[in-house]
Chemist: 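Structure below; questions to follow.
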Amino acid sequence: MKVLVVGSGGREHAIVTSVAKSSRVDKIYCAPGNAGIAGLAECVPINAMEFDKLAAFAKEKEIDFTIVGMDDPLVGGIVDVFEAEGLKVFGPKKNAAILEGSKAFSKDLMKKYKIPTAAYETFDDPKKAVAYLETAKLPIVLKADGLALGKGVLICNTLEEAKAGVKEIMEDKKFGAAGNYMVIEEFMTGREVSVLSFVDGKTIQIMSSAQDHKRAKDGDQGLNTGGMGTFSPSPFYTAEVDAFCKKYIYQPTVDAMAAEGRPFTGVIFFGLMLTEDGPKVLEYNARFGDPEAQVVLPRMKNDIIDVMEACVDGKLDTIDLQFEENAAVCVVLASDGYPVAYEKGYEITGLEKFEKQDGYYCFHAGTKFDDAGKIVTSGGRVLGVTAKGADLKEARANAYAATEWVNFENKYMRHDIGKAIDEA
Ligand code: AMP
Ligand code: GLY
């Protein structure tokens, strides 16, 4: 069969890598893709937000199955456009992708269906938000309602910071229309875990857990980024936590969406905080995590097309989802200066070493071919170096060893990805 993957980052490279392993797939296209994806798929220069062009392409090439990796097109309704054209597509419809697209929606859903999350209030008026802050306990968390590239969350330690945050989000519109509404919520403490799941509208199956490192610098210092590295599984995601989440979070979320007339098909990403009072939902995403996909998918034993097709067909209960009994660590190689300002266009060397090593992956995020056909840096996050190991410590050692195989000017990485493993 012919498969189209929509997106261009490390997550989509991981998805394409899994699709390429499927015995059912003869040809993969990726729109728009990147220089690494081009090794496995034919990259098509159509932007992920050009739904009509993408659907026309899928019809012309007789694509059997489309997988949407990114949040923006999902929240924008790409799945509805494909389905209206009779095309088979993996991902939530617009009315379900709102689970990620609006924090006010997801918080209200959790409140209505008693799914554990931080206490909160929603505001559409900055004056009311400030009045609320005057009496609120600190620290406090401000969230722009809509999509903001993972940057619309402000953790404020003082009232002044919080007031400035309201101004940034709601008045200066730093995150655009995402700031028309705002959620102000209670600050929680605990370990964070990312749990990805496959959902077919009614059934949910959980993938192996992971943990991300969102801050730019070692010791969780510096600005929030798209993610600087991950490990899977999380040793803090115990059987007890899993049982609690299955009962109070996962299935209740899927049932709530169905009850609201918004059945969810695709991947739900649960961002969880393991608090003293038990696991609570930090956020939902309507897609695989990036770079969570880069440590979870390489460990999945199933044929990814079988699983995704079962989701679209409403038959996920027939799938026996299985993961390898090992571990994986991903270290992101970024351009120095990310997430603020950085230079691009530097040649990347050493990539060929990954082709010969089982259990090692170099997922491209911000790369492209220059005019001379060389692979060069083209983004803040450039590569995600993933390695497997028998356990987390071995996987971490392998991943850090492999970060030395590739080089480019301004290469930057955190050196403490997976440090929490030592505390488990
Ligand atoms: P989100 O985009 O909602 O996942 O938020 C980004 C990051 O902000 C999370 O990964 C947490 O580290 C942090 N965060 C979000 N909400 C809270 C909260 N209520 N309490 C503490 N930290 C939070
Ligand atoms: N790694 C966090 C995310 O994909 O949202």
Side-chain angles (χ1 to χ4, degrees), residues 7 9-12 14-15 69-72 74-75 97 99-107 110 116-121 136-157 162 165 169 175 178 182-197 207 209-216 220-232 234 267-277 279-297 330-332 334 339 363 365 380-381 384 386 414 417 420:
R11 163 183 53 213
E12 285 74 28
I15 293 170
M70 296 168 74
D71 40 16
D72 282 323
L74 289 168
V75 171
L99 190 62
E100 168 164 8
S102 166
K103 290 192 191 287
F105 170 86
S106 66
K107 294 295 292 190
M110 288 186 268
T117 188
Y120 75 101
E121 294 287 339
K137 209 172 124 216
L138 294 165
I140 188 114
V141 184
L142 311 187
K143 298 187 174 184
D145 175 55
L147 291 184
L149 292 169
K151 297 184 182 106
V153 175
L154 304 176
I155 295 176
C156 304
N157 291 305
I169 294 176
F175 308 105
M182 198 175 81
V183 168
I184 300 186
E185 72 176 27
E186 166 204 8
F187 177 76
M188 304 189 284
T189 52
R191 286 207 187 267
E192 284 185 45
V193 186
S194 302
V195 176
L196 311 180
S197 66
M207 297 179 229
S209 62
Q211 185 180 317
D212 191 8
H213 300 67
K214 286 206 168 93
R215 300 293 201 96
D220 291 328
Q221 302 296 307
L223 294 171
N224 256 327
T225 70
M228 294 300 292
T230 37
F231 57 83
S232 173
S234 163
V267 169
I268 300 183
F269 166 144
F270 297 86
L272 303 175
M273 176 89 81
L274 308 182
T275 76
E276 274 189 353
D277 303 325
K280 292 188 182 176
V281 177
L282 275 170
E283 64 160 347
Y284 293 115
N285 295 311
R287 42 144 183 104
F288 286 99
D290 186 344
E292 281 87 347
Q294 291 92 312
V295 285
V296 172
L297 287 179
C330 174
V331 180
V332 168
F363 296 117
R381 290 191 294 175
T386 293
R414 274 182 63 164
I417 301 302

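What's counted below: heavy atoms across the whole structure, side chains too, no hydrogens, waters or symmetry copies. Each ligand, and each atom within it, is numbered from 1 in the order the structure gives.
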Chemist: Any ion pair linking Glu186 and Lys137 (charged N to carboxylate O, less than 4.0 Å)?
Modeler: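 Not counted as a salt bridge, because no side-chain N and carboxylate O are separated by less than 4.0 Å.
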Chemist: Side chain or backbone of Ile155 under 4.0 Å from ligand 1, or both, or neither, by non-hydrogen atoms?
Modeler: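 Within the 4.0 Å criterion, Ile155 contacts ligand 1 through side-chain atoms alone.
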Chemist: Please state which option from Arg215, Lys280, Met188, Lys214 has its nearest heavy atom closest to atom 21 (C) of ligand 1.
Modeler: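 Nearest option to atom 21 (C) of ligand 1, by heavy atoms: Met188.
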Chemist: For ligand 1, which atoms have a heavy atom of Phe187 less than 4.0 angstrom away?
Modeler: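 Checking each atom against Phe187, I get 20 (N), 21 (C).
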Chemist: As an exercise, identify every atom of ligand 1 less than 4.0 angstrom from a heavy atom of Glu192.
Modeler: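 This gives 9 (C), 10 (O), 11 (C), 12 (O) as the contact atoms.
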Chemist: Run through ligand 2 for me and note each protein residue having a heavy atom under 4.0 Å from it, chain first, then residue number.
Modeler: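 Contacts of ligand 2 under 4.0 Å: Asp212, Gly226, Phe269, Asn285, Arg287, Gly289, Asp290, Pro291, Glu292.
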Chemist: What part of Lys103 sits under 4.0 Å from ligand 1 if we count only heavy atoms: the side chain, the backbone, both or neither?
Modeler: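 The side chain, only.
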Chemist: Please list, in number order, the atoms of ligand 1 under 4.0 Å from a heavy atom of Leu282.
Modeler: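 Counting atoms of ligand 1 from 1, those under 4.0 Å from Leu282 are 3 (O), 14 (N), 15 (C), 16 (N), 17 (C), 18 (C), 23 (C).
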Chemist: Is Arg414 salt-bridged to Asp220, going by a charged N under 4.0 Å from an acidic O?
Modeler: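 Salt bridge present between Arg414 and Asp220.
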Chemist: Taking distance alone, with N or O pairs closer than 3.5 Å, would you say Glu185 contacts ligand 1?
Modeler: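 Min N/O separation from ligand 1 is below 3.5 Å for Glu185.
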Chemist: How would you list, by chain and number, every residue that makes a ring pair (Phe, Tyr, Trp, His ring centres under 6.0 Å) with Phe270, sequence neighbours excluded?
Modeler: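 Partners of Phe270 under the ring pair (Phe, Tyr, Trp, His ring centres under 6.0 Å) test: Tyr250, Tyr284.
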Chemist: Given Glu283, Met273, Lys143, Glu186, which has its nearest heavy atom closest to atom 16 (N) of ligand 1?
Modeler: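 That would be Lys143.
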